[in-house]
Amino acid sequence: MNSIYKIYMLSLFLFTMQLSAQTQSDFILDSDQVTVFEKSKTLTSKLIKTGNTFNWEQTIEGTPYTISYAINQITGQWDANTSQGSLTYTLHKAGFTAVSFNLTGAENEALEATLSIQEGNQPPLVYTFNITNITYP
């Protein structure tokens, strides 16, 4: 009976580690357009999650810009094999009241990605990205 318990606990541990690895997956999202305040604009971007850092790389008139955020918390589940699930990242950047990033993927649907940035008491700016590709480095 004791060995069955040990096997069960080991299996539970391995399953938990697999879920954690899928949630913690690094990724690169490519986007060709961003919408804010219901206005769309062509903007070549990469949204890159590496370790505990989230970067928004943009190219404006041929010049690259990168905005980096520290990841404070990740909630949700993500399956890197199918690019399906829902994740919410609570981010931090000095000078901002609240920053979050949401990624959602469902079978036979396009990936949805939004970045919400709030400064002071102002309403948050919500950037919605047109995701063209996802890769897992």
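Both Y127 and I131 belong to a single network of hydrophobic side chains, linked directly or stepwise wherever heavy atoms of I, L, V, M, F, W or Y lie under 4.5 Å apart. Note: the hydrophobic cluster containing V99 also contains F54 (ILVMFWY, side chain heavy atoms under 4.5 Å, direct or indirect links). At a threshold of 4.5 Å between side-chain heavy atoms, the hydrophobic network of Ile, Leu, Val, Met, Phe, Trp and Tyr places V126 and Y69 in two separate groups. The hydrophobic clustering, which links ILVMFWY residues whose side-chain heavy atoms are closer than 4.5 Å, places I60 and F129 together. Cluster membership check: L103 does not share its hydrophobic cluster with I28, using side-chain heavy-atom separations under 4.5 Å among Ile, Leu, Val, Met, Phe, Trp and Tyr.
A distance of 5.0 Å separates CG of D79 from CG of N81, quoted to the nearest 0.5 Å. Going from atom CG of N52 over to atom CD1 of I71 covers 6.0 Å, rounded to the nearest 0.5 Å. Interatomic distance, L47 CG to W56 CH2, rounded to the nearest 0.5 Å: 7.5 Å. Taken to the nearest 0.5 Å, the CG atom of L29 stands 8.5 Å off from the CG atom of N133.
Among all heavy-atom pairs drawn from F101 and L91, the shortest one is CB-CD1, 4.0 Å. Y136 and A80 get closest at one heavy-atom pair: CE1-O, 3.4 Å. Heavy atoms only, all atoms of each residue included: Q122 and Q118 are closest at O-NE2, 3.1 Å. Among all heavy-atom pairs drawn from L43 and Q58, the shortest one is CD2-OE1, 4.0 Å. Of all heavy-atom pairs between S83 and I134, the closest is OG-CG2, 3.6 Å.
In this structure, T132 contributes its side chain and D30 its backbone to a donor-acceptor pair below 3.5 Å. Side chain of D26 to backbone of G51: a donor-acceptor contact under 3.5 angstrom is found. Not one N or O on the side chain of N55 forms a donor-acceptor pair closer than 3.5 Å with the backbone of E57. Side chain of S31 to backbone of N130: a donor-acceptor contact under 3.5 angstrom is found.
In this structure, F27 has its ring center at least 6.0 angstrom away from the ring center of W78.
With a 4.5 Å cut-off on side-chain heavy atoms, L125 and L115 do not count as touching. Counting heavy atoms from C-beta outward, S68 and T66 have side chains that approach closer than 4.5 Å. A heavy-atom distance below 4.5 Å is found between the side chains of K93 and I67. By the 4.5 Å heavy-atom criterion applied to side chains, L87 and K49 are not counted as neighbours.
Using modelled atom types, one finds a donor on one side chain and an acceptor on the other under 3.5 Å when comparing T35 with S40.
Partners of T104 according to the side chain to side chain donor-acceptor pair (under 3.5 Å) rule, which considers only residues two or more places apart in sequence or in another chain, do not exist here.
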